[in-house]
Amino acid sequence: MREKNFVESFTKHRLGMIGLAGIVIVIALGAFGPLIVTYPVGYNEATPLAAPDREHWLGTDGLGLGLIAEIVWGARTSLFISFTAVAVATCIGVPLGLVSGYFKGRIGGLIDSVIEIAMTIPALPLMILISAISGPSMGTVAVVIGLFSWPTLSRIVRNSTLKLASMPFIEAAIVLGIPTRTIMFKHILLNAAGPALVDLTIIMATAVLTEAGLSYLGLGDPNAWSWGGILQNAFRAGQHFHAWWLIVFPSLAIMFFVVSFNLLGLGINETLNPKRD
Amino acid sequence: MFQYIVMRVMKGGLTFLAAVSITFLIVRLMPGDPTTAFISDSMTPQDVQALNTSLGLDKPLPEQYALFLRNLAHFELGQSFFYKQPVGDIIAPRLGWTLLLIGTSLLITLLIGIPLGVHSARHKGKGVDQAVSTMIVLGISIFIPLLAFVLVYVFSLELGLTPVGGAFAPDVEDSELISDVARHMILPTVTLVVVNLAQIVLYTRSSMLDVLKEDYIRTARAKGVDDRGVIWGHALRNAMIPTVTVTGLMLGKMVAGAVLTETVFSWPGVGSMIYEAVQKQDFPLLQGAFIVLAFSVILMTLVTDLVVAWLDPRIKLHAESTR
Amino acid sequence: MSALLEIRGLKKYFGLKRHLFQRRTRFVHALDGIDLDLMEGETLGVVGESGSGKSTLGRTIVRLEEPSAGSIRYLGRDVSALRGADAQAFRARIQMVFQDPYASLNPRLSVGHALAEPMLVHRKVAGRRAARQAVGALLGQVGLRPEMASSYPFAFSGGQRQRIGIARALALEPKILICDEAVSALDVSVQSQILNLFNQLKKALGLTYLFITHDLSVVRYVSDRVMVMYLGQVVELAPRDAFFARRLHPYTRALISAAPLVSTAPREARIILQGEIPNAIDPPSGCRFHTRCPNVMDACRRVEPQLREIEAGHHVRCHLYAAGQ
């Protein structure tokens with residue numbers, strides 16, 4: 001699979017393009033939305049828990065604040081979380097995967113055991129413990145999610161590296177005296193990037209869901225609007241059964257973003273591994 | 001085989017040690033005073049003193065660690081801030097409810113997912129491919145609270161078919177307890193099944209497609225074993241291997257799903273307890289919940305690995321040749 | 001002519017994974033005591049079946065494998081002792097052309113990048129402009145156009161790719177080129193073009209070749225001397241013409257009779273070897289070839305023959321040519 005052809009055939013993948021468009025929409029919402037919609041703050045006595053109507057398209061919450069504004073500002077949180085988490089996961093997962101795949105012997109086995117252990121430990125309860133102790137903050141949540149997202153990425157990079165390391169073009173690079181670092185981070189990584197890219201989209205999708213889940217459980221940053229946090233506010237105030245819009249709209253925003261990432265991943269995957277018929 | 005079991009149990013033990021060591025380090029290496037995680041405002045100076053001694057907070061880190069492990073070996077997980085009771089006593093009855101929920105949903109997921117995967121493998125084609133991959137994308141994109149709320153709206157509030165939450169009605173007769181619990185379990189179970197079904201279908205289907213290409217299946221067909229017999233008799237045992245493996249890997253996700261699901265449905269398991277503990281800043285309870293859940297997941301992963309080894313004789317050989 | 005590369009007692013054993021109830025690790029004897037002088041400016045053809053150890057010999061020389069025992073000296077210096085900058089300098093002296101032109105080029109690197117990178121790493125050129133010029137010159141040397149530098153490997157045919165592989169090996173101005181089945185993956189018509197290229201380059205650059213192949217017609221075309229390997233050992237080593245005219249070792253005879261077109265001598269009846277090459281984990285006792293040899297004698301099963309110089313420059317490992325015969 002080559003660069004030019006990849007872009008070309010990806011554009012023909014309908015679902016993948018839909019996913020990409022969805023992500024662009026959320027990014028645009030997060031980048032430009034706050035310029036139009038003011039930050040929801042304080043309370044508006046006139047219209048608490050207003051159902052969606054012509055004035056408040058998506059209704060209002062218990063404080064009378066418009067849900068549109070909260071969702072627009074919440075997009076920023078989801079974007080920040082997903083990109084930070086994927087950056088953290090990449091910084092840990094890619095080098096570990098490369099090293100464990102390239103040095104097959106004792107080091108590789110050791111790292112592989114670490115990956116396996118990290119995959120077995122249930123992440124969410126541990127993330128809850130860490131977020132609860134360290135106190136709610138968006139940065140902490142983002143980093144913590146990233147810290148628990150690298151094992152699958154490592155596995156994928158390791159498996160690609162194991163296959164690539166014995167390829168003649170890697171042996172050629174060794175014979176040419178190319179430094180091991182360059183071989184791993186350039187020659188191998190360039191070829192392992194495809195499958196890793198698919199996992200990155202899944203990591204970002206999962207990060208959005210995890211952040212929403214943590215916020216829903218009350219571990220979100222109280223100083224920032226987030227889609228999961230809107231649910232938590234409604235849930236804690238016991239409004240969730242009569243103000244359905246407080247649950248449905250933020251949840252749909254979450255799922256729109258998550259589905260977009262997953263469709264993008266599907267598109268990349270099917271472009272890289274076309275179905276043989 | 002015996003050697004493989006020993007190896008695998010040791011690995012499980014090591015994983016658990018890693019899990020508890022992480023909790024130990026998190027609490028002590030967090031910025032700020034580590035004792036705040038254990039000492040709540042409502043404690044008397046005597047309480048604090050007793051806690052310091054039992055955790056060894058006045059001693060150096062390695063000694064604290066040794067003490068921590070020793071307490072763990074005696075099932076001492078500390079004292080809950082809110083309930084003023086040992087953490088173990090609070091978690092124990094709730095763990096049963098969580099395992100009941102996870103176990104039931106896992107069973108139903110497999111009972112639906114495997115036949116569905118086999119069926120879709122037999123009718124492969126572009127349409128089925130598309131349907132399966134769309135199902136996967138939707139499956140892994142579901143935000144559990146939304147699904148749970150929609151189910152409650154529709155089936156409990158609008159149709160009045162199922163209870164809104166909890167595990168049983170407070171005034172239920174003993175004789176009707178089981179059927180009452182079953183009624184309460186329907187919606188939480190459906191939630192977890194829907195979330196996990198797609199992956200089981202995917203893995204069963206793709207491994208079934210691989211297995212059906214293999215020689216011994218062709219041989220069986222050539223020998224006149226009918227299609228149904230080939231699929232269910234010969235192929236499924238081998239196709240099960242990746243399915244069971246992925247089930248093991250999904251356990252952690254199932255626990256995460258259970259935490260959210262229990263919270264929405266007020267299911268009296270460890271998950272809803274975690275929610276309450278978060279609201280009440282009850283750190284010892286959260287730490288205990290993690291340790292107990294980690295132990296359960298590691299144990300269940302161990303079981304699935306042993307099942308895989310039993311299904312797949314090659315693993316046994318592999319384990320021997322790499323030692 | 002002096003020896004550029006002196007190989008003495010070279011052994012390479014690969015350890016096998018042990019089974020549960022095995023006391024000792026078993027080894028594949030891929031190279032079992034190779035002695036060889038590679039002369040400056042010559043082309044030494046190395047032939048043998050797969051499993052003979054001929055590829056391992058090449059891979060050990062370029063240090064893709066570490067030798068288990070023995071020494072490799074380049075211009076008198078033991079190369080296995082080299083570290084750091086000296087090891088890098090040695091790498092530049094001996095380069096390799098690989099068999100599969102499709103797998104030996106990184107699909108994600110442009111040709112220009114693949115050729116410039118080693119030159120930049122070894123500081124053969126300074127800066128991107130100089131590198132671009134050097135890449136152009138290299139491509140010209142192997143019969144490609146300099147504009148091709150910006151293309152990726154998928155744009156090229158097998159023969160063109162192999163030319164790129166050769167250009168890459170030449171980038172560091174080596175003295176020795178190890179060609180491991182360098183033409184066997186190519187179409188016959190392309191093979192002769194690449195072989196001609198090898199001959200031209202040898203004249204132009206004064207290269208020394210170790211040409212590893214299973215194809216006797218290729219060996220006949222390019223070699224000055226020919227070496228036959230069997231189960232990790234050298235069984236015959238001779239100047240080309242003497243080799244094809246005399247073919248002393250029964251194994252050599254069998255190989256040549258199986259490829260009759262390569263011999264100018266009167267044709268013999270084809271000798272068909274019995275069975276497969278034995279595995280190199282537990283090589284046969286005595287002469288390793290005795291299990292398949294048409295001329296097997298009693299001594300062959302018990303006593304391992306030594307490599308002996310029968311005539312000037314003609315070495316054979318066989319009891320048929322024992323001293324005095």
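Computed from a prediction, not measured in an experiment: that's the story for all the values here. For the numbers below, each heavy atom of this structure counts, side chains included, while hydrogens, waters and symmetry mates do not.
- Proximity to chain B (any heavy atom under 4.5 Å) is shown, for Ala132(A), by both the backbone and the side chain.
- Environment of CZ in Phe80(A): crowded, with over 12 heavy atoms of neighbouring residues, nucleotides or ligands closer than 6.0 Å.
- Interface summary for chain A: among Leu147(B), Val264(B), Leu14(B), the most heavy-atom pairs under 4.5 angstrom belong to Val264(B).
- Summarising the local packing, OH of Tyr153(B) is surrounded by more than 12 heavy atoms from other residues, nucleotides or ligands at distances under 6.0 Å.
- Contacts between Val164(B) and chain A at a heavy-atom distance below 4.5 Å involve the side chain alone, from C-beta outward.
- Taking the six-membered ring for Trp and thresholds of 30 and 60 degrees, Tyr216(A) and Phe149(B) have ring planes more than 60 degrees apart, a perpendicular arrangement.
- Comparing Val150(B), Thr134(B), Val270(B), Leu260(B) by heavy-atom pairs within less than 4.5 Å of chain A, the highest count is held by Leu260(B).
- Of all heavy-atom pairs spanning Thr263(B) and Phe235(A), the tightest one is O-CZ, 3.6 Å.
- Going from atom OG1 of Thr206(A) over to atom NZ of Lys253(B) covers 5.5 Å, rounded to the nearest 0.5 Å.
- In terms of heavy-atom pairs under 4.5 Å with chain A, the best-connected choice from Gly252(B), Ala18(B), Pro145(B) is Pro145(B).
- Neither the backbone nor the side chain of Ile202(A) comes within contact range of chain B; no heavy atom of the residue lies under 4.5 Å from a heavy atom of that chain.
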- Task: Please report the C-alpha distance between Ile26(B) and Leu126(A) in whole Å, then the side-chain angles of each, then the deciding distance to 0.1 Å, and finally whether the side chain to side chain contact (heavy atoms under 4.5 Å, CB included) criterion is met.
- Result: CA-CA 10 Å; Ile26(B) 287 166; Leu126(A) 191 51; 3.7 Å; yes

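- For Ala289(B), no part sits under 4.5 Å from any heavy atom of chain A, backbone or side chain.
- With chain A as partner, the option from Leu286(B), Val259(B), Val137(B), Thr301(B) having the largest number of non-hydrogen pairs under 4.5 angstrom is Val137(B).
- Atom CZ of Arg236(A) is separated from atom CD of Gln279(B) by 5.5 Å, given to the nearest 0.5 angstrom.
- Chosen from Ile142(B), Thr23(B), Leu138(B), Ile144(B), the residue pairing most often with chain A at heavy-atom distances under 4.5 Å is Ile142(B).
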- Query: Can Phe257(A) and Phe143(B) be said to form a ring-ring contact (aromatic ring centres under 6.0 Å, His included), step by step?
  - Reply: CA-CA 11 Å; Phe257(A) 201 22; Phe143(B) 183 52; over 10 Å; no

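- Scanning all heavy atoms of the two residues, the minimum distance from Ser141(B) to Asn262(A) falls at OG-ND2, 2.8 Å.
- Heavy atoms closer than 4.5 Å to chain A are found in the side chain of Ile274(B), but not in its backbone.
- Looking at Ala212(A), both its backbone and its side chain come within 4.5 Å of chain B, counting heavy atoms on both sides.
- Only the side chain of Ile22(B) comes within less than 4.5 Å of a heavy atom of chain A; its backbone N, CA, C and O stay farther away.
- Looking at Ile130(A), the atoms closer than 4.5 Å to chain B (heavy atoms on both sides) sit in the backbone and in the side chain alike.
- Using a 4.5 Å cut-off between heavy atoms, Leu293(B) touches chain A through backbone and side chain atoms alike.
- With contacts defined as side-chain heavy-atom distances shorter than 4.5 Å, the pair Leu251(B)/Pro122(A) does not qualify.
- Contact count versus chain B (heavy atoms, under 4.5 Å) is highest, among Leu217(A), Ile128(A), Leu124(A), for Leu217(A).
- Counting heavy atoms from C-beta outward, Phe290(B) and Ile121(A) have side chains that approach closer than 4.5 Å.
- Among Leu249(B), Leu157(B), Val152(B), Val278(B), the residue with the largest count of heavy-atom pairs under 4.5 Å with chain A is Val278(B).
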